[in-house]
Amino acid sequence: MGTIHIDLFATLDLVGQAPGGPEEDPEGFPYGGWQAPLFDETGGRQVMDGMRGMDALLLGRRTYDIFAAYWPKQADGVDGGIATLFNNIPKYVASRGNPDLDWAGSTHLGPDLVRSVRELRDKHEKVHVIGSLNLVQTLLRERLFDRLNLWIFPIVLGVGKKVFDGGAVPANLTLLEPPVTTGKGAVLLRYGLAAGTPTTGDMTREDRGVTE
C-alpha cells in the first residue's frame, strides 16, 4: 500500500495561504509570496529530497490551476528538475465542479473523495499533496494521510487561511526524524500519523516522566 504525504509551508501563526507568489490568491490577501524571502539553498535541498520517489500529485483545484499554468513552461528553467517530475507523473485533482484539465496526465477525482484517495494508495507508492488547503482540511479530518511534512517560517502574518482551520480531528503524530533548520530560520518537521487519540494528564512528576 502506498502513502499520502502532505507538504505544507506555514508561518508561525500557521497561515498557509499563497506562500509562493502574489498572484496565487490576489483578492483579499495582502501577503502573497511571503515564503520567497525566507527560502534558501538548504530549504531547496530538503524539498528535492522529500520528492524522491514521488509518483503522483494530489491537488485541490486552485493549486492545480496555479501549477498547470506554471510548471509545463519550466522544463528548461532553474527549476527544471521539479518541472520534469511534475510534468511526467499523474496528477489527480479534487474539485466539486467539472474542471478542464489540460495538463498532461491529469485526472478529475470522482464525487466520493474519500474513496478516491484511498484507491490512490493502491495505485501509487508515494502520493504528494502540495498546498491545497481546502483539500488538506478533508484529509486531516478523515485521517487520510500518512506523513505531514510541515515547514514553519519565522514570520507572523495575523491574517490568512490557516493549516488547521476547522479541518482537523484529534490525532497523534510521531516525529520521524530530527527537525531540519535553515540559515533563515525555517524549520522542517516531518511527522507520521500515529495510532490513537491524544491523552491528558495533570503535570504531576509522574505524568511528566520524571523519576527519582
Side-chain angles (χ1 to χ4, degrees), residues 3-26 29-60 62-89 91 125-133 135-136 139-140 145-165 173-193:
T3 53
I4 306 293
H5 298 239
I6 297 176
D7 301 329
L8 289 173
F9 302 98
T11 65
L12 281 173
D13 52 340
L14 292 182
V15 173
Q17 185 174 0
E23 299 305 317
E24 287 186 28
D25 201 351
F29 183 66
Y31 297 110
W34 54 264
Q35 176 193 348
L38 299 169
F39 206 68
D40 61 13
E41 186 175 341
T42 300
R45 285 198 304 269
Q46 289 297 322
V47 168
M48 290 300 297
D49 286 346
M51 290 182 181
R52 289 201 179 106
M54 180 195 304
D55 60 350
L57 273 172
L58 171 59
L59 303 170
R62 183 186 293 272
T63 301
Y64 173 85
D65 287 344
I66 294 168
F67 279 23
Y70 180 78
W71 288 112
K73 304 172 185 177
Q74 304 304 314
D76 297 324
V78 295
D79 294 322
I82 298 176
T84 299
L85 173 64
F86 285 0
N87 291 332
N88 287 310
I89 62 176
K91 278 76 67 176
E125 292 296 322
K126 191 177 180 184
V127 181
H128 276 248
V129 183
I130 302 176
S132 307
L133 288 181
L135 170 61
V136 166
L139 300 180
L140 293 173
F145 70 99
D146 301 284
R147 289 189 54 167
L148 173 62
N149 304 311
L150 180 62
W151 282 92
I152 301 294
F153 289 83
I155 187 173
V156 175
L157 297 182
V159 296
K161 188 168 185 178
K162 297 191 175 183
V163 172
F164 300 106
D165 189 12
L173 291 95
T174 299
L175 188 65
L176 299 176
E177 56 190 72
V180 174
T181 59
T182 74
K184 293 193 174 182
V187 180
L188 170 59
L189 301 165
R190 290 189 171 107
Y191 290 109
L193 182 64

Give the ring-plane orientation class for His5 versus His128, where under 30° counts as parallel, over 60° as perpendicular and anything between as tilted.
parallel

Count the heavy atoms belonging to other residues, nucleotides or ligands that lie under 6.0 Å from CD of Glu177, then report whether that count exceeds 12.
yes

Is the shortest heavy-atom distance from the side chain of Phe9 to the side chain of Val15 under 4.5 Å?
no

How close do Val163 and Ala10 get, counting heavy atoms only, and between which atoms?
CG2-CB, 3.9 Å

For Lys162 and Gln17, indicate whether the former's side chain and the latter's backbone hold a donor-acceptor pair under 3.5 Å.
no

Indicate yes or no: at least one non-hydrogen side-chain atom of Leu176 is less than 4.5 angstrom from one of Tyr191.
no

Test side chain to side chain contact (heavy atoms under 4.5 Å, CB included), reference Val129, set Asp7, Leu57, Ile4, output is Ile4

Closest approach of Ile130 to Phe86 (non-hydrogen atoms, all atoms of both residues)
CD1-CZ, 3.7 Å

Is a donor on one side and an acceptor on the other found under 3.5 Å between the side chain of Ser132 and the backbone of Arg62?
no

Look at atom CG of Asp76 and say whether more than 12 heavy atoms of other residues, nucleotides or ligands are closer to it than 6.0 Å.
no

Judged by atom type as modelled, is there a donor-acceptor pair below 3.5 Å linking the side chain of Asn149 to the main-chain atoms of Arg190?
no

With distance as the sole test, does Lys91 use its side chain to make a donor-acceptor pair with the main-chain N or O of Ala56 at under 3.5 Å?
no

Student check: side-chain heavy atoms of Leu12 and Ile152 closer than 4.5 Å
yes

Quick one, Leu157 with Phe29, criterion side chain to side chain contact (heavy atoms under 4.5 Å, CB included). Give me CA distance, side-chain angles, the key distance, then yes/no.
CA-CA 10 Å; Leu157 297 182; Phe29 183 66; 3.9 Å; yes

Steps toward side chain to side chain contact (heavy atoms under 4.5 Å, CB included) verdict (Met51, Ile82)
CA-CA 9 Å; Met51 290 182 181; Ile82 298 176; 4.2 Å; yes

If every non-hydrogen atom of Asp25 is compared with every non-hydrogen atom of Ala18, which pair is closest and at what distance?
CB-CB, 3.9 Å

Closest non-hydrogen atom pair, Met54 against Leu85
O-CD1, 3.9 Å

Side chain to side chain contact (heavy atoms under 4.5 Å, CB included) assessment of Ile155 paired with Leu38:
CA-CA 9 Å; Ile155 187 173; Leu38 299 169; 3.9 Å; yes

Rounded to the nearest 0.5 Å, what separates atom CG in Leu150 from atom CG in Leu173?
10.0 Å

Any sub-3.5 Å donor-acceptor pair from Asp13's side-chain atoms to Gly158's backbone N or O?
yes

Separation between CG of Leu175 and CG of Leu148, rounded to the nearest 0.5 Å:
11.0 Å

Is Ile6 close to Arg147 at the side-chain level, that is, under 4.5 Å between some pair of heavy atoms?
no

When you look at Leu189 and Val187, which way does the side chain to side chain contact (heavy atoms under 4.5 Å, CB included) test go after all the steps?
CA-CA 6 Å; Leu189 301 165; Val187 180; 4.0 Å; yes

Any chance OH of Tyr31 has more than 12 other-residue heavy atoms, nucleotides or ligands included, within less than 6.0 Å?
no

Donor-acceptor pair, side chain of Thr63 and main chain of Leu59, under 3.5 angstrom
no

May I ask you to decide if Thr42's main-chain N or O and Gln46's side chain share a donor-acceptor pair within less than 3.5 Å?
no

Hey, could you give me the CG/CG distance between Asn88 and Asp55, rounded to the nearest 0.5 Å?
12.5 Å

For Gly43 against Trp151, the heavy-atom pair lying closest together
CA-CH2, 3.6 Å

Distance in Å, Leu133 CG paired with Phe164 CZ, rounded so as to fall on 0.5 Å steps:
10.5 Å

Spatial distance of atom CH2 (Trp71) from atom OG1 (Thr84) [nearest 0.5 Å]
10.0 Å

